[in-house]
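Report on the structure given below.
To find a chain, count down the sequence lines: A is the first, B the second, and so on, and within it residues start at 1.
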Amino acid sequence: MDYSSQVLRRFRSPLRAGVFAAEMPGTVRGEAEDRSLNIWVRFHVHAPGSRIEAVRFEIFGCPHAVAAAEWVAEWLEGREPSALTAWDVHAAAHALGVPTEKLGKLLRIEDALLACWQELERNGSVVDAERGG
Amino acid sequence: MDYSSQVLRRFRSPLRAGVFAAEMPGTVRGEAEDRSLNIWVRFHVHAPGSRIEAVRFEIFGCPHAVAAAEWVAEWLEGREPSALTAWDVHAAAHALGVPTEKLGKLLRIEDALLACWQELERNGSVVDAERGG
Amino acid sequence: MTPILYFDNAATTPVDPRVVEAMTACLTAAGEFANPASGHAPGARAKRLVEEARAAIGARVNAPPERILFTSGATEANNLALKGALRARTAERRHLITTRIEHKSVTESARALAGEGVEVTYLDCDAQGIVSPDSVRAAITDATVLVSIMHVNNEIGVIEDVAEIARICRSRGVLLHVDAAQSAGKIPLDLAGWGIDLCSLTAHKINGPKGIGALYVRRDVALAPLIHGGEPELGVRGGTLPTHQIAGMGKAYELADPALEGARLAELRDLLWCSLAALGGVTRNGCPERSAPHILNVTFRGVDGTSLLCALDDIAISQGSACASSTPEPSHVLRSIGLSDALAQSTLRFGLGRFTERADVERLVERVGMELKRLRTLAGSAPVWCSS
Amino acid sequence: MTPILYFDNAATTPVDPRVVEAMTACLTAAGEFANPASGHAPGARAKRLVEEARAAIGARVNAPPERILFTSGATEANNLALKGALRARTAERRHLITTRIEHKSVTESARALAGEGVEVTYLDCDAQGIVSPDSVRAAITDATVLVSIMHVNNEIGVIEDVAEIARICRSRGVLLHVDAAQSAGKIPLDLAGWGIDLCSLTAHKINGPKGIGALYVRRDVALAPLIHGGEPELGVRGGTLPTHQIAGMGKAYELADPALEGARLAELRDLLWCSLAALGGVTRNGCPERSAPHILNVTFRGVDGTSLLCALDDIAISQGSACASSTPEPSHVLRSIGLSDALAQSTLRFGLGRFTERADVERLVERVGMELKRLRTLAGSAPVWCSS
Ligand SMILES: Cc1ncc(COP(=O)(O)O)c(C=O)c1O
Ligand SMILES: Cc1ncc(COP(=O)(O)O)c(C=O)c1O
């Protein structure tokens with residue numbers, strides 16, 4: 001299996017992999033999995049206000065999945081929480097050179113992000129953010 | 001095709017190959033052939049008295065045939081003319097290491113010798129020889 | 001970048017320099033390059049080298065040299081054994097028995113024969129990878145022509161009891177074909193003694209060249225040819241004999257020493273296993289008491305196999321069987337011994353060889369330990385299915 | 001004893017040192033010995049070498065590299081082309097057209113197919129060894145699946161008009177297979193341009209290694225596999241790719257230069273023929289205007305061929321086809337051009353090659369002249385049938 005340098009770099013040093021050291025307010029978690037695709041991913045999104053300040057993730061999956069998670073985590077930081085619903089899977093797949101047969105795994109990553117978004121909405125922090133902004 | 005040293009030596013230097021330089025009394029010729037076996041052979045036997053004094057032969061055939069002709073020519077010299085009827089083909093084949101599928105060629109050589117013998121009988125030289133002895 | 005650590009000797013092995021020497025002696029104008037089928041002196045000399053190689057191979061596997069025919073490898077030998085034996089029988093009902101853990105060259109040949117009306121029975125192995133001789137006995141019918149089973153499995157290294165299976169086949173008048181691609185030269189193989197009818201061999205698994213192999217065909221075993229041509233080997237395999245390849249295979253078989261080399265490899269393999277076991281969350285696949293010395297198949301729980309493989313890209317190893325490396329679908333062998341697709345997916349095969357040193361094993365363990373830890377941390381609190 | 005003069009380059013050729021270099025670079029632990037099917041870095045490097053060789057071969061015969069599949073030689077390629085194409089058709093009536101002067105690997109494959117119910121037509125050649133395209137046109141029926149004809153005949157060196165035959169096959173929707181074992185690299189071969197569907201190649205006739213060849217398969221040409229296995233080439237040929245053999249074949253095809261080398265060989269061949277002709281009682285077989293540069297087939301009247309061959313045992317030449325050297329029965333090709341068994345028997349084939357020098361030709365002529373004279377003297381006044 002050949003991996004693009006884009007994938008290898010992120011797979012080898014996924015700066016945002018892991019969890020936050022301490023429980024912080026304004027932090028939500030969202031996960032998704034697909035056993036048949038051998039992937040499980042959980043994001044930790046710290047968005048206390050109108051911006052996503054930091055993202056962490058835990059992941060069980062192939063190098064493409066790890067790289068994609070790192071990629072989106074990086075992309076999310078500094079964006080508005082609504083970005084959680086706006087990730088362009090196909091653009092990422094293209095940029096990373098992820099083979100189409102692996103798109104399914106990236107879609108699980110998208111699911112995990114959406115789970116984070118719903119969690120934010122549920123505990124109202126998004127609204128707060130809007131107001132605060 | 002592998003040939004025994006016995007065959008190669010006689011094939012390379014068949015000392016008795018050829019014809020007598022001059023027409024000599026007491027000399028007979030006998031030949032035989034088999035087109036399917038690709039062989040033609042003619043013997044020249046010089047037996048003016050009770051002994052075969054010299055033998056020459058012409059041959060078109062494979063190395064085994066050439067070697068066998070040389071072998072029998074050598075064997076005949078010094079023997080009584082009746083030896084022309086007494087050549088042991090199988091012994092020769094064995095000594096030379098001639099494969100059995102080539103025995104047919106040696107039998108043509110035997111035929112040529114018998115032709116010489118009949119020729120000797122016909123022109124009476126055999127009888128003279130007997131008397132002379 | 002530090003040189004790659006090569007631990008894929010079950011996929012193929014580097015050619016031994018002494019074998020290279022034997023090969024290069026048959027290539028150029030200065031050597032025995034002639035066609036062994038030619039009648040002239042150079043041809044005869046080339047033929048002698050071919051016969052010497054045949055003798056060396058026969059000696060190693062205890063088979064009469066004149067019953068060994070050269071092929072382009074064990075793949076062709078397996079094809080010839082199965083198709084040749086079955087197609088040589090004109091009988092109405094024809095039955096072939098093989099297993100679910102064979103090399104693709106056997107299973108695909110069996111499938112092709114099924115398409116020709118041959119009835120094929122696929123035997124299962126147990127969780128240890130062992131095919132019980134009793135299951136063979138039970139599967140034999142009056143229509144059975146051939147039983148085909150591998151001696152050493154190329155993925156998990158399990159040694160099947162072909163001697164016992166040979167006894168059973170003999171007693172039932174059924175032919176036995178053994179795929180010995182992974183066993184010949186590595187562990188004892190006694191073709192004549194065990195009464196094996198057909199046996200596939202290859203050179204490149206024991207430091208010989210790729211692209212050359214052989215099929216042992218016991219006297220009176222009839223085979224329909226697969227490749228027709230002039231002056232066929234044993235009347236069934238045409239084609240110009242590649243002197244250098246054959247001489248190389250002969251040398252490789254002459255050099256291979258199951259007793260000495262086997263012991264050395266087994267020791268390294270055990271060192272590797274003990275060290276990996278110490279990392280935790282790893283399981284060894286295939287019966288440890290009945291495994292070839294050069295193969296170790298390990299499942300690493302809690303990591304994705306593809307990621308582990310990628311993280312270890314400074315080491316040549318394979319996930320599942322190397323022959324099927326580029327095809328991602330999980331190994332049929334690992335499925336047969338009961339591994340879930342997820343576990344099969346996080347399973348690696350380590351292949352040891354003549355040039356594997358103790359220091360290599362130590363470095364391998366160090367690297368695996370490091371990446372395993374990193375990836376398990378990455379997986380954080382992943383659900384239990386990721387580790388089962 | 002003075003070293004043997006090698007004039008049997010149509011049987012096989014010495015491997016070019018530059019090819020040996022390419023081969024040995026893929027053997028030992030220091031080289032690209034890995035399995036090209038392996039996913040790791042060494043495997044990927046080996047695969048690259050395989051693809052480079054494929055490209056070099058494709059370039060030489062003007063064929064898209066990805067349509068070239070490697071085999072164990074032209075024998076296997078011929079078997080795969082004929083059996084693969086005919087078995088891929090399930091039609092009731094299947095018809096195969098070939099000629100009486102093909103290599104045994106083609107004729108024996110055709111016979112095997114006849115045994116499977118395939119109708120086979122064997123075309124004759126004329127006294128010059130040429131198969132007329134019209135005879136091909138006339139033989140094609142609605143049931144015809146494939147026409148198989150060799151480009152250059154291995155015994156008499158005649159070049160068949162495969163370009164014209166390809167046009168005919170195309171116009172009738174029939175597949176054309178060309179056995180180019182003796183032509184590739186020796187004379188121009190334009191697979192794509194001529195519209196050939198299947199073409200067999202080999203390496204050892206152009207200073208490459210024995211035991212490696214290839215089959216070109218035009219896009220959309222369906223073949224039933226001959227050798228099943230994992231990750232088959234073009235989906236039809238299983239087995240581990242022998243990197244060193246393939247790299248060697250690639251190098252051989254890269255080095256072969258029909259324009260330059262062909263001209264040089266043709267000049268030597270003409271020198272040889274003129275000198276032999278001067279000895280008298282000799283005739284050249286095969287159309288002189290349409291013959292490959294490396295083969296000269298001559299009948300020597302008034303001598304037994306076996307004796308001439310034995311007398312010339314310091315020279316490597318062959319009587320009839322080398323592939324059939326140990327079988328004494330007269331060549332089917334020489335019979336086809338009308339030679340009597342006796343004349344066929346006293347016919348020798350001279351094969352020239354890259355390492356044949358002018359001085360070698362001169363020494364050859366001297367030796368032949370000497371032995372011819374000696375044997376003709378030995379035959380004395382032999383009857384005329386010995387010379388006709
Ligand atoms: C068990 C087994 N059988 C057959 C083969 C095929 O052998 P070869 O590569 O010589 O075709 C292999 C290895 O590829 C193997 O491991
Ligand atoms: C015309 C022709 N076809 C096929 C072959 C067989 O090729 P290989 O020796 O590569 O099997 C040869 C030579 O042996 C040949 O001359």
Honestly, the part of C:Leu312 sitting under 4.5 Å from a heavy atom of chain D is neither

Taking the side chain as every heavy atom from C-beta outward, state whether C:Ser105 and D:His228 have any pair of such atoms under 4.5 Å apart.
-> no

Interface residue of largest heavy-atom contact number with chain D, from C:Gly211, C:Ala316, C:Gly238, under 4.5 Å = C:Ala316

Which residues share a side-chain hydrogen bond (donor to acceptor under 3.5 Å, both in side chains) with C:Lys251, sequence neighbours left out | C:Glu254

Roughly how far apart are C:Lys210 NZ and D:Ile212 CD1, rounded to 0.5 Å?
-> 12.5 Å

Should D:Ser38 and C:Asp8 count as side-chain neighbours, where that means a heavy-atom distance under 4.5 Å?
-> yes

Against chain D, label C:Thr13 side chain, backbone, both or neither, depending on which of its atoms sit under 4.5 Å from a heavy atom there.
-> backbone

With sequence neighbours left out, what residues match C:Tyr6 under ring-ring contact (aromatic ring centres under 6.0 Å, His included)?
-> D:Phe33

Contacting moiety of D:Leu82, where chain C heavy atoms sit under 4.5 Å = neither

side-chain contact (heavy atoms from CB on, under 4.5 Å) between C:Glu231 and D:Lys104: does it pass, once the steps are laid out?
-> CA-CA 9 Å; C:Glu231 307 190 314; D:Lys104 268 210 155 66; over 6 Å; no

Among the options C:Ala224, C:Gly73, C:Pro232, C:Pro42, pick out the one with the most heavy-atom pairs lying under 4.5 Å from chain D.
-> C:Pro42

Output the distance between atom CD1 (C:Ile4) and atom CZ (D:Arg45), rounded to the nearest 0.5 Å.
-> 6.5 Å

Toward chain D, the part of C:Thr24 with a non-hydrogen atom under 4.5 Å = side chain

Under a 4.5 Å cut-off applied to non-hydrogen side-chain atoms, are D:Met23 and C:His244 in contact?
-> yes

Segment of C:Leu241 engaging chain D (4.5 angstrom heavy-atom cut-off) | backbone

State the CG-CD1 distance between D:Asn78 and C:Ile227, to the nearest 0.5 angstrom.
-> 11.0 Å

Please look at D:Glu76 and chain C and tell me whether the side chain, the backbone, both or neither of the residue comes under 4.5 angstrom of a heavy atom of that chain.
-> both

Return yes if a side-chain donor-acceptor contact under 3.5 Å exists between C:Asp313 and D:His40, otherwise no.
-> no

So do D:Leu226 and C:Asn79 actually touch side chain to side chain, heavy atoms under 4.5 Å?
-> no

Between D:Arg237 and C:Thr75, is any side-chain donor less than 3.5 angstrom from a side-chain acceptor?
-> no

